[in-house]
2 protein chains.
Amino acid sequence: MTKAPTRIQKRNRAAILSAGLDVFSQYGFRGTTLDQIAEAAGLSKPNLLYYFPSKEAIHTALLERLLENWLDPLKALDASGDPVQEISAYVRRKLALSKDFPRESRLFANEILQGAPWIEGILRNDLKHLVDEKAVIIQGWADAGKIAPVDPYHLIFSIWALTQHYADFDVQVRAVLGDRAPYDGAAVFLDQLYDKLLTPTQADGKAE
Amino acid sequence: MTKAPTRIQKRNRAAILSAGLDVFSQYGFRGTTLDQIAEAAGLSKPNLLYYFPSKEAIHTALLERLLENWLDPLKALDASGDPVQEISAYVRRKLALSKDFPRESRLFANEILQGAPWIEGILRNDLKHLVDEKAVIIQGWADAGKIAPVDPYHLIFSIWALTQHYADFDVQVRAVLGDRAPYDGAAVFLDQLYDKLLTPTQADGKAE
DNA sequence: TCTTGGTTTGACCAAACGGTCAAAAGAACG
DNA sequence: CGTTCTTTTGACCGTTTGGTCAAACCAAGA
């Protein structure tokens, strides 16, 4: 039975996780040092290790916290809703995640770039099964003529790519846009893009 | 006047750059060690440093080589060509780059994730000016009714995101697709996507 | 063959790294 | 106040890191 954490424990654990997220999301696991995290958290290195047993423990805690919510937007895709609206809503949820949690997005990107050493199993199991399941739904919509015929897997990849790009490549986006705000234009553009892609046209033969 | 490199120099320099690309593209600059590169290149560490003066020199050489060709596909976008075909061709060129040079794409992604410490100036100057220039062309096409009205900047971002995703998130894409080949489906999907997005419809008012 | 210049390496260095520990400092509470 | 438990830290440890260097090795032309 574990005791309830004191308020100092709460504060410092939160500070360490936030500092770790800052540094890990920028430099990846191997490129991050405990001293960097300690300084960002405003603690000494031994004090860090009083709250977390190792560098890897901080990293693992962050990845676990991330994965708790990472798949939620896709899980919420509802087979009984209006198809185009369901997908547009998914795009909006992912874009909001990118805007509100860019460090988490970059932490994930770093993990994937490194070959997903910690979460490869989750990708091959949880993620794959979830995408397979949702791909069936989307394929059903396409077969029923409710959306234009489209490869469901690449449709989902496109949503990941387009939304996470604004968090992961933030520096580049801002360098190009100057002082214009990225996310307003992005929301309009993505709405337009998926509306045009998915709204069925006369050319798309409808099923009975 | 520098002497012509011997064949051993050519071979070893190439081996070091290839090995460096392998490791840097996976772990980033800080997460990469000289020993890793040396082992991947099949050389001893002091021998590495006989060909390159420092770890940073290898990294810089790789970034410079990358940037030589990185912007070419966008530069080739031709104002006098057919608008939809020009953009589709740009998408195909970028997708081919992603397929044929995935390590370079990941090296770039790592640099951006780290805040672009080496190439921030290039992003703010060369890249921004190039995109500004091409955005004018695309805006002109839209104003003339030759493509559907669309934000040129986010259009370009979308092409970057969608094509580089297949290289940068390769592990995730393959985990989801299983043994299916990513790039065939991607090419079809992207063709379809940009055709639908850009082909003007009756709803888009044409200019005189 | 010998010599010259390019190539390779074992041994080494100082700094940075992840992590430990005992002891000091501080909070909490009767 | 004194006691107990939590928190913080300076000093330290073994390893890894980027990098150096003199010496050994080797290829090739005269």
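Letters A, B, ... are given to chains in the order of the sequence lines, protein chains preceding strands, and every chain is numbered from 1.
- Note on residues 89-105 of chain A: pairs passing side chain to side chain donor-acceptor pair (under 3.5 Å), not counting sequence neighbours, are A:Ser18-A:Arg103, A:Asp22-A:Arg103, A:Tyr90-A:Trp160, A:Arg92-A:Asp191, A:Ser105-A:Asp168.
- DNA chain D is contacted by no residue of residues 56-66 of chain A, taking any non-hydrogen atom closer than 4.0 Å.
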* Check the pair A:Phe29, A:Trp118 against side-chain contact (heavy atoms from CB on, under 4.5 Å), reporting the backbone distance first and the verdict last. => CA-CA 11 Å; A:Phe29 180 75; A:Trp118 277 280; 3.5 Å; yes
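- Distance A:Arg11 CZ to D:dT7 C1': 10 Å, rounded to the nearest Å.
- Within residues 25-46 of chain B, the residues approached by DNA chain D to less than 4.0 Å at the level of any non-hydrogen atom are B:Thr32, B:Thr33, B:Leu34, B:Lys45, B:Pro46, in residue-number order.
- Remark: the backbone N or O of B:Thr32 is not paired with any side-chain donor or acceptor of A:Arg30 at under 3.5 angstrom.
- Of the possible polar contacts, one joining the B:His129 side chain to the B:Asn125 backbone as a donor-acceptor pair under 3.5 Å is found.
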Return all side-chain donor-acceptor pairs below 3.5 angstrom for residues 60-67 of chain B, not counting sequence neighbours, or 'none' if the list is empty.
residue : atom : partner : partner atom : Å
B:Thr60 : OG1  : B:Glu56 : O            : 2.8

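- Distance, A:Leu49 CG to C:dC21 P: 12 Å, rounded to whole Å.
- In this structure, the side-chain contact (heavy atoms from CB on, under 4.5 Å) partners of A:Ala187, at least two apart in sequence or on a different chain, are A:Leu95.
- An OP1 or OP2 oxygen of C:dG6 is reached within less than 4.0 angstrom by no side-chain nitrogen or oxygen of B:Gln9.
- Residue A:Asn12 places none of its side-chain N or O atoms closer than 4.0 Å to OP1 or OP2 of D:dT6.
- For D:dT20, the OP1/OP2 oxygens have no side-chain nitrogen or oxygen of B:Tyr50 closer than 4.0 Å.
- By the 30° and 60° cut-offs, the orientation of the rings of A:His154 relative to B:Tyr166 is tilted.
- Residue contacts for B:Phe52: at a heavy-atom cut-off of 4.0 Å it reaches no nucleic acid atom on any strand shown.
- Remark: P of D:dT7 and CD1 of A:Ile16 are 11 Å apart, rounded to the nearest angstrom.
- Proximity of a side-chain donor or acceptor of A:Glu86 to a complementary backbone N or O of A:Pro83 within less than 3.5 Å is not detected.
- Other residues, nucleotides and ligands contribute only 12 or fewer heavy atoms inside 6.0 Å of the NZ atom of B:Lys146.
- Proximity of B:Asn47 to the phosphate of C:dG10: no side-chain N or O atom is located under 4.0 Å from OP1 or OP2.
- Side-chain N or O atoms of B:Gln36 include one that pairs as donor or acceptor with a backbone N or O of B:Thr33 at under 3.5 Å.
- For the pair B:Lys10 NZ and C:dT7 C1', the interatomic distance rounds to 17 Å; values are reported in whole Å.
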* Structure fact -> Expected string for nucleotides 22-30 of chain C under the B/S/- scheme (protein heavy atoms, under 4.0 Å, primed atoms plus P, OP1, OP2 as sugar-phosphate) is -----SS--
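- For B:Tyr51, the OH atom counts as densely surrounded, since its 6.0 Å shell holds more than 12 non-hydrogen atoms of other residues, nucleotides or ligands.
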